[in-house]
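These notes are about the structure you will find just below.
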Amino acid sequence: MNVLRTDILLPCRQPVLDTLLDVLRRGDRQGVLVLGEIGLGKSFLLRAVERSLPPGSRRHVVRASRALHSAPYGALDDLLAGVPARELGGPVPALRAARYRLRGPDGGSAVVLVDDAQFLDEESSYLLTQLAVTEAIRLVAFADYSLAPSSGLHGFAAEGYLDRLQLEPLTEATLGALITPGSAPAGPVPGAVRDVLRLREATGGNPMLLRALLDGAAVGEDAVPDPDLYLHLGLHLDPVRHSSAGALADLVASVLAPMPEEQRTVMDLLALAGAASAADVERLASGDAVRALVDQRFVAVHPAGVDWLTLRHGLYGDVLRATLPLGRRSLLHARFRGSRYALPPYSCHRLHHLAWALDAGAPVAAPVLLDAARVAAELGRPEAAERFLRAVPPGQGRAIAVGRAGLLTARGRPADAVQLLTGADSHADGGTEVDAGPTGPARDDAVVVQGTAAAADLARIAVVVQGAALRQRGAPASAVLALLDALPAPDAASGAVEADLLRARLHLDAGRAAEVLRSLPTDAGGLPTHPPALRAVALGLRGEALGLLGRAAEATQCTQAALETVLADPYGLAHVYEDVLTQHVLVLAHAGAGGRALAVLEQAETAVLPFRPADALRGILLVRRGDVRAGVQALAPGIQRLRRVDRQLLLPYAVGAAAWGAAVLGEVEEAGMLLREHRALRPRGRLDLGILGRGFAAAAESLELRAPQQPPLDALLAEARVLGLRACEVELLVLAVLLGAAGATDRLARAAADLPGEEALVLAEFAGAASTGDGAALGEVADRAAAVGLPLIALQAATRAWELRAESGPAAGARSLLRRLGRYGAPFVGTRFEVPGGAGRLTELTRSEAVVARRVAAGESNRDIAEALCVSVRTVEGHLHRMYVKFGLGGRADLVRELQGLGPDLLQPAP
């Protein structure tokens with residue numbers, strides 16, 4: 001079989017190679033039978049085994065083929081070449097001849113490697129097993145799952161002569177390690193989960209396909225994957241333009257070439273259709289052909305339903321779609337359309353199916369195309385969306401105009417969307433063709449709108465689009481509200497509801513939560529006649545308003561109901577998915593349930609729809625909770641994405657949080673750049689998020705100046721208090737406490753006392769214990785803060801408890817406090833919140849410990865110190881252990897860091 005030509009081992013197959021070589025070295029087995037699906041790299045492994053055998057060892061490679069499957073000893077033609085035909089008349093002469101050919105001067109066993117063993121003829125299979133039984137050879141046979149259970153190799157393995165090794169696709173954990181090689185063994189970082197899923201969908205865990213991708217994306221000799229590679233996997237990979245197209249096409253062609261025509265037809269059909277019901281597929285091919293493809297793991301039952309079949313490896317479909325001639329596409333579609341078939345759901349590649357239908361010239365209903373255009377736009381496929389819109393049959397003027405306006409808005413061109421809608425409006429009465437102008441998409445495909453009612457509805461939608469665009473650019477809420485108030489009385493319900501929802505969003509931006517609650521229904525039932533998308537948005541806005549007023553339980557219920565509405569029909573409500581999920585995450589975070597918010601983001605990584613603000617929101621949450629290293633790491637790609645598209649207006653909040661995180665980590669230049677960017681941003685979006693962004697920026701600037709900036713925080717606190725933004729006030733007070741602002745602890749105790757959520761409870765306990773000087777309570781609070789994921793608060797509580805140690809009790813309690821301080825201070829070593837060392841802590845040392853400490857600081861080893869002091873190495877280790885406990889340190893390196901820069905006078909022993 002023709003496979004990739006490369007000397008690099010397949011990804012993550014070194015353990016398999018080691019296992020095969022270990023079997024060949026053992027004396028209790030005669031070899032191994034390796035089973036795996038077609039294209040899983042068995043031939044590749046065979047060559048790797050051959051290259052890895054010791055130099056000078058005797059080896060022979062047998063390459064079976066389908067063409068010689070019926071010819072006696074056809075697979076062993078090379079081995080038995082020149083043997084007279086009369087000697088091959090029975091198994092004994094053939095066995096004798098083969099033993100003679102394989103015999104070496106030392107009399108040891110030769111290694112026989114068999115490729116495509118499922119094609120071995122009966123005579124060859126019997127001969128090889130007998131050679132293995134007599135220990136003339138060590139046998140390594142590679143076969144796919146079409147190997148008959150009654151074959152001699154299966155029986156030989158069942159009797160214990162051969163080990164059985166089953167090659168499985170790479171797991172998601174292994175794929176994650178390839179994408180994020182520096183991640184923990186537990187798996188990839190959360191932001192890479194979707195990349196892993198795409199890679200799994202594209203390759204099915206097949207290392208040969210993965211090797212082709214990595215070869216095409218390699219940089220230099222180190223074969224480092226191109227980061228952009230994973231952005232184009234699954235539905236987004238175009239094998240024609242991709243750098244690995246040649247390798248992929250060759251690999252797929254070599255795998256599919258020996259496939260019977262009927263099975264190849266099924267493969268082509270599923271590649272074009274994305275998915276098809278089993279009944280429809282069996283109208284074009286026999287059930288045996290379908291079952292053979294399922295058994296060989298080319299085809300799988302799609303998780304969306306037991307009746308849907310799809311290709312197991314997405315890249316097979318991508319390559320076939322790119323290489324199939326148009327005539328064959330049309331012929332297959334004509335045969336497929338000849339039966340009554342069901343349109344696959346979006347989760348079963350409906351977009352691929354519709355593209356195939358359009359390629360074949362088949363008629364598609366207008367509602368189907370309009371809905372597909374909307375979904376394609378939300379999935380980040382604007383070209384497909386535009387194609388579906390252009391294919392809508394005539395007579396759908398208003399629907400086309402609204403659909404294309406939505407597409408333009410999603411692509412960041414709201415001005416063109418307004419021009420398209422108002423242009424349609426201006427010509428609606430006469431039913432004239434409309435052109436969206438030189439920058440619009442409607443020049444080649446004009447829209448015809450009939451009737452004054454439709455024109456009025458379009459005009460109202462145009463005003464809503466224009467108002468949303470003004471809000472995105474940071475226009476004052478009052479100006480946009482004036483634009484909406486100028487609208488005439490509605491004749492079309494949908495346009496009126498969309499305007500009301502935008503009006504509610506503007507009230508939220510201004511911090512007028514009570515106004516939002518008065519204008520929106522109390523539950524989803526308040527909009528019984530409107531689409532689910534509008535009901536979900538209304539519930540989300542109501543939840544945000546309740547959250548601003550501190551009514552966390554009600555707010556969470558509303559946003560949870562909105563999210564459940566969207567998830568009940570994710571593709572149908574794809575255009576509101578990001579807004580609703582962002583609302584739910586922010587409500588949870590500001591309700592003191594940051595852990596739940598992070599869990600929701602983690603679940604979103606495996607959802608059917610992409611969630612583009614995920615990195616930014618995750619980074620904000622982590623920075624808020626004090627996990628600044630992970631937060632800054634997540635914010636870096638998140639902010640880059642928000643700079644391109646920021647539909648939820650999170651950029652000022654994210655940049656402020658990133659500036660604070662960089663300042664905490666001591667990254668002065670990065671913090672300075674982020675602060676300058678934050679000052680240049682125009683205020684936009686929700687007022688409370690803007691206040692928090694400014695609070696983080698002010699705190700970062702204060703940390704850089706190493707001086708408390710009470711006036712800026714005080715001004716922000718006063719603004720939040722006047723507007724009744726209680727959760728916002730608590731977060732600002734936490735920053736003030738971390739900066740050491742006077743009176744901030746007492747104010748935090750009062751503000752956090754009435755808020756719900758586990759985080760608010762810990763903050764209230766911390767502030768109360770710090771205000772009263774209760775060292776024991778602070779120690780307990782430190783443990784609880786660490787348990788709920790507030791590491792900075794845990795460190796603050798442990799530090800204050802240590803400062804109060806003189807009133808806390810005996811030395812045993814002090815050692816416990818030191819251990820706690822070291823444990824919670826370890827993540828902040830090298831940051832602005834690093835626990836300072838100094839002479840005050842060194843006075844805790846005994847005379848012997850101080851002597852050892854001086855020598856450790858000088859860089860002496862334990863053995864050198866023991867010889868100089870005439871003590872045992874174990875004694876020195878005991879002194880070091882006691883110093884680690886006293887200082888709460890993790891080891892020798894931490895102790896050396898603690899002692900660096902201190903003069904010898906500070907290392908004098910205690911009296």
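Numbering of residues begins at 1 and proceeds along the displayed sequence.
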Between Val299 and Thr310, is any pair of side-chain heavy atoms under 4.5 Å apart? no

Side-chain heavy-atom pair Pro344, His349 within 4.5 angstrom cut-off: no

State which residues pass side-chain contact (heavy atoms from CB on, under 4.5 Å) with Ala64; sequence neighbours excluded, sorted by chain then number. Ala75, Phe119, Leu120

Inter-residue atom distance Leu311.CG - Arg297.CZ, 0.5 Å rounding: 16.0 Å

Considering non-hydrogen atoms only, spot the tightest contact between Ala562 and Ala536 and give its length. CB-O, 3.3 Å

So, using side chain to side chain donor-acceptor pair (under 3.5 Å) as the criterion, who are the partners of Arg387 when residues are at least two apart? Asp359

Exactly one candidate in Leu33, Leu45, Val16 meets side chain to side chain contact (heavy atoms under 4.5 Å, CB included) with Leu165; the answer is Val16

Looking at every non-hydrogen atom in both residues, tell me the closest pair between Arg618 and Glu605 and how far apart they are. NH2-OE2, 2.9 Å

Closest non-hydrogen contact found for Val281 with Ala276 is CG2-CB, 3.7 Å

CZ/Arg647 to NE2/His575 distance, rounded to the nearest 0.5 angstrom? 9.5 Å

Does either side chain, that of Asp579 or that of Thr582, offer a donor lying less than 3.5 Å from an acceptor on the other one? no

Could you tell me the separation between the CH2 atom of Trp308 and the OG atom of Ser277, rounded to the nearest 0.5 Å? 5.5 Å

Quick one: are Val566 and Val576 in side-chain contact, heavy atoms under 4.5 Å? yes

Do Thr265 and Arg328 have side chains that approach each other closer than 4.5 Å (heavy atoms only, starting at C-beta)? yes

How long is the straight-line distance from CZ of Arg264 back to CG of Leu269, given to the nearest 0.5 Å? 12.5 Å

Are a donor atom and an acceptor atom from the side chains of Tyr346 and Asp371 found within less than 3.5 Å of each other? yes

Candidates Arg312, Glu262, Met267 - the one meeting side chain to side chain contact (heavy atoms under 4.5 Å, CB included) with Leu293: Met267

Just jot down the side chain to side chain donor-acceptor pair (under 3.5 Å) partners of Gln296, sequence neighbours excluded, or say none. none

Are the side chains of Val32 and Val34 in touch, meaning some heavy atoms are under 4.5 Å apart? yes

Asp121 (side chain) donor-acceptor with Gly74 (main chain) under 3.5 angstrom: yes

Under 3.5 Å, is there a donor-acceptor pair between the side chain of Arg374 and the main chain of Tyr571? yes

Measuring from atom CG of Leu46 to atom CZ of Phe142, what distance do you get when rounded to the nearest 0.5 angstrom? 5.0 Å

Quick one: side-chain contact (heavy atoms from CB on, under 4.5 Å) partners of Ala143, sequence neighbours excluded? Leu35, Ala117, Gln118, Leu147

Which atoms form the tightest heavy-atom contact between Leu332 and Trp356, and what is the distance? C-CZ2, 3.8 Å

Taken in chain and number order and not counting sequence neighbours, the residues that satisfy side chain to side chain donor-acceptor pair (under 3.5 Å) with His154 are Arg164

Salt bridge between Arg641 and Asp615, side-chain N to carboxylate O under 4.0 Å? yes

Name all residues meeting the side chain to side chain donor-acceptor pair (under 3.5 Å) criterion together with His584; count only those two or more places apart in sequence or in a different chain, and write none if there are none. Thr559, Gln560

Spacing of CG belonging to Leu573 relative to CG belonging to Leu567, to within rounding of 0.5 Å: 9.0 Å

Looking only at non-hydrogen atoms, find the nearest pair between Leu379 and Pro610 and report the distance. CD2-CD, 3.6 Å

Of all the heavy-atom pairs spanning Ala285 and Val266, show the shortest one and how long it is. CB-CG2, 3.4 Å

Side chains of Leu601 and Phe611 in contact at under 4.5 Å (non-hydrogen atoms): yes

Using modelled atom types only, decide if a donor and an acceptor are shared between the side chain of His352 and the backbone of Gly274 within a distance under 3.5 Å. no

Is there side-chain contact between Leu609 and Tyr577, with at least one heavy-atom pair below 4.5 Å? yes

Has Lys42 got a side-chain atom pairing as donor or acceptor with Asp144's backbone, closer than 3.5 angstrom? no

How about His313 and Glu37: do any of their side-chain heavy atoms sit closer than 4.5 Å? yes

